[in-house]
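Notes follow once the structure below has been shown.
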Amino acid sequence: MKRHDLTRRQFLAAASAGSIAAVASSPLRGYAGGSRTGGKLALLGGTPVRKRKSWPPWPYADQAMVDSVVKTTRSGIWCRIQSPTGTVATFEKEYAKLIGARFCVATGSGTQSLHTCVEALGIGPGDEVITTPYTDPGTVESILAARALPVLADLDAASFQLDPEDVERRITENTRAIMPVHMAGQPCDLERIMAIGRKHSLAVIEDAAQAHLAEYRGKKLGTIARVGCFSFQASKTIACGEGGAIVGDDEALMDRCYTVHNHGTSRRGATETIGPKYRMNEFQAAVLLPQLASAHERFLRRNENAAYLTSRLKGCPGVVPQKLYEGTASGSFYLYAMSYQKEHWNNVPRDAFLKAVEAEGVSLSPYIARGLHREPWVEHVLRSKVFQRMFSARRLEQYKEALACPNCDRVCQEMAMLWASGPLLGERSDMDDIADAILKVYENRDKLSSA
Ligand SMILES: Cc1ncc(COP(=O)(O)O)c(C=O)c1O
């Protein structure tokens, strides 16, 4: 059996039919503890599970990338418009091929990619785009940059993804598009969101910033909606410091994306529309291009390790890995996301849990502190003259009244995740360290309130 097949099968076995969530929330039955999980907590002076061992380094770098940057430096071709067959143009072709899209336009960041799509779809002042409050600010800012109104729908608290029902509830006569995020690099409930888009004639822009190479219902994320956007910011699973890409099959729309991102100037050389200057430069592409050949191998390894980690955490109550939707074949595993449910841990607060796991040598993070519905941009927008001119006072009032996203608040309180781009490239023993650190803290939970 090929390694690829094995990985897919293992992944599906772990992910099937919500079994991850169901098993993990069951009693301790099936819990895979061991001798390393039984001792005194490192926080209380015991020996840590993982002793001063580093994770596989991230961002990924190899000699081919170094050579490529040197070559670009020496070539004097530093900007994409200096050569139609330069590194950016080549990267666009190769990335489109890798992802399974007809076209790609590379940009300077994921935020720039998203904003370019919003503009290219003709969305602007007076329009509304529905998205999630549980995301990087770049998602929401890409809508605001077009002076359109980001409408935030609540989450499915088990998957950390947009709840399609709440999306549909928030559609108004001004809604033009839905921008779902594939949180942590796992597919959101895209089939239902696409159906809502079709029913209400709304464009769907996939924010696949975290979701490189992930597959859902036979296609790679980013290629299912009209356009999909990626980020190559330093922490991502394909990275160059800052960078982004738009992919899509609609030639006319992708041509408009090129024009918008190229300060409104088309491939034919005419300045045709309003557009920022968002071009990827040759150095960014020089870092990215040589990575692509081995990116799939790293993606498979992350999936394999994630499936193993999930199997190790089975039956540990109150640490529930992200729910995956039917149709999920693989994830990018940019994050390995779990929810920490303190009611199963003698009500030990999440911060104390994180501190204890950290002392065992494994760093988990609470990730997003509060949803974007709770950030000050909301007041800024509601008070701004542009928005007051473009939206009725009643609409802005309703907007404020409907801001609550209780499931997002809960996710922010419960999230415990691993920055996975590097760690999930580790050995099986590294995965055992992660699982054992969590399980050891669980076994000692009654001592944590006094720690
Ligand atoms: C879900 C999501 N959307 C958008 C962005 C913005 O991408 P960038 O940081 O490349 O602008 C990010 C980056 O972290 C992201 O995670």
Side-chain angles (χ1 to χ4, degrees), residues 58-59 91 95 104-119 129-146 150 152-153 155 159-162 177-190 193 204-214 216 221-222 224-225 227-247 257 261 276-281 283-285 287-288 291 322 331-337 365-369 371-373 375 377 408 411-412 415 417-422:
W58 200 261
F91 169 73
Y95 194 67
C104 171
V105 173
T107 65
S109 73
T111 308
Q112 293 177 11
S113 288
L114 291 164
H115 178 213
T116 299
C117 291
V118 171
E119 296 281 356
V129 178
I130 302 177
T131 189
T132 163
Y134 195 70
T135 182
D136 181 85
T139 309
V140 160
E141 291 294 334
S142 74
I143 300 163
L144 289 171
L152 304 176
L155 309 183
S159 68
F160 324 135
Q161 313 270 14
L162 262 182
I178 309 170
M179 189 184 281
V181 169
H182 299 296
M183 180 40 59
Q186 321 306 325
C188 70
D189 199 350
L190 193 55
I193 290 172
V204 178
I205 303 167
E206 277 178 79
D207 181 340
Q210 307 185 351
H212 316 80
L213 299 172
Y216 173 76
L221 295 183
I224 298 163
V227 273
C229 293
F230 293 88
S231 165
F232 306 118
Q233 181 269 337
S235 63
K236 300 301 189 298
T237 59
I238 298 176
C240 66
E242 301 285 1
I246 307 162
V247 297
C257 284
H261 106 301
K277 189 162 172 247
Y278 282 167
R279 295 190 301 241
M280 177 178 276
N281 70 49
F283 294 100
Q284 290 165 300
V287 174
L288 288 169
Q291 283 178 59
Q322 181 171 16
S332 80
F333 287 100
Y334 167 60
L335 315 175
Y336 184 90
S365 162
Y367 195 40
I368 293 168
L372 285 162
H373 60 301
E375 293 285 344
W377 68 268
C408 177
V411 169
C412 290
M415 176 60 64
M417 68 81 180
L418 178 77
W419 291 105
S421 294

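Just follow the structure's listing: the first ligand is 1, and inside any ligand the first atom is 1.
Any N or O atom pair closer than 3.5 Å counts here, and Lys236 shares at least one such pair with ligand 1.
Scanning all protein heavy atoms for the shortest distance to atom 1 (C) of ligand 1 gives Thr135 OG1, 3.4 Å. At the shortest separation from atom 16 (O) of ligand 1 among protein heavy atoms lies Gln210 NE2, 2.8 Å. For atom 2 (C) of ligand 1, the nearest protein heavy atom (residue, atom name, distance) is Ala209 CB, 3.4 Å.
A pairwise comparison of heavy atoms in Trp377 and Leu372 identifies NE1-O, 2.8 Å as the closest pair.
The residue among Ser231, Ser142, Gly244 with a heavy atom at the shortest distance from atom 10 (O) of ligand 1 is Ser231. Of all the listed residues (Asp136, Thr132, Asp207, Leu335), Asp136 holds the heavy atom that lies closest to atom 12 (C) of ligand 1.
The residue Gln112 has no part lying near ligand 1, judged by heavy-atom distances below 4.0 Å.
Although no hydrogens or angles enter the test, the distance criterion places no donor-acceptor pair under 3.5 Å between the side chain of Glu206 and the main chain of Leu221. A donor-acceptor contact shorter than 3.5 Å links the side chain of Gln161 to the backbone of Met183.
Near Thr111, meaning under 4.0 Å from one of its heavy atoms, ligand 1 places the atoms 6 (C), 7 (O), 8 (P), 11 (O). Atom numbering of ligand 1 starts at 1 in the shown order; those under 4.0 Å from a heavy atom of Ser109 are 10 (O), 11 (O). Close contacts of ligand 1 with Gly110, meaning ligand atoms under 4.0 Å from a residue heavy atom, involve 7 (O), 8 (P), 10 (O), 11 (O). Set against the non-hydrogen atoms of Thr139, the atoms of ligand 1 under 4.0 Å away are 2 (C), 3 (N), 4 (C). When each atom of ligand 1 is checked for a heavy atom of Val181 under 4.0 Å away, the hits are 1 (C).
Here the two rings, on His182 and Tyr216, have centers that are 6.0 Å apart or farther.
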Begin with the C-alpha distance, continue with both residues' side-chain angles, and end with the deciding distance and a verdict on side chain to side chain contact (heavy atoms under 4.5 Å, CB included) for Val118 and Met179.
CA-CA 10 Å; Val118 171; Met179 189 184 281; 3.7 Å; yes
For Trp419 and Tyr336: C-alpha separation, side-chain torsions, deciding distance, then whether side chain to side chain contact (heavy atoms under 4.5 Å, CB included) applies.
CA-CA 7 Å; Trp419 291 105; Tyr336 184 90; over 6 Å; no
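Ring-plane geometry between Phe232 and Phe91 is classed as perpendicular, the angle between the planes exceeding 60 degrees on a 0 to 90 degree scale with a lower cut at 30. Between Tyr134 and Phe160, the ring planes lie tilted relative to each other; the angle falls in the 30° to 60° range.
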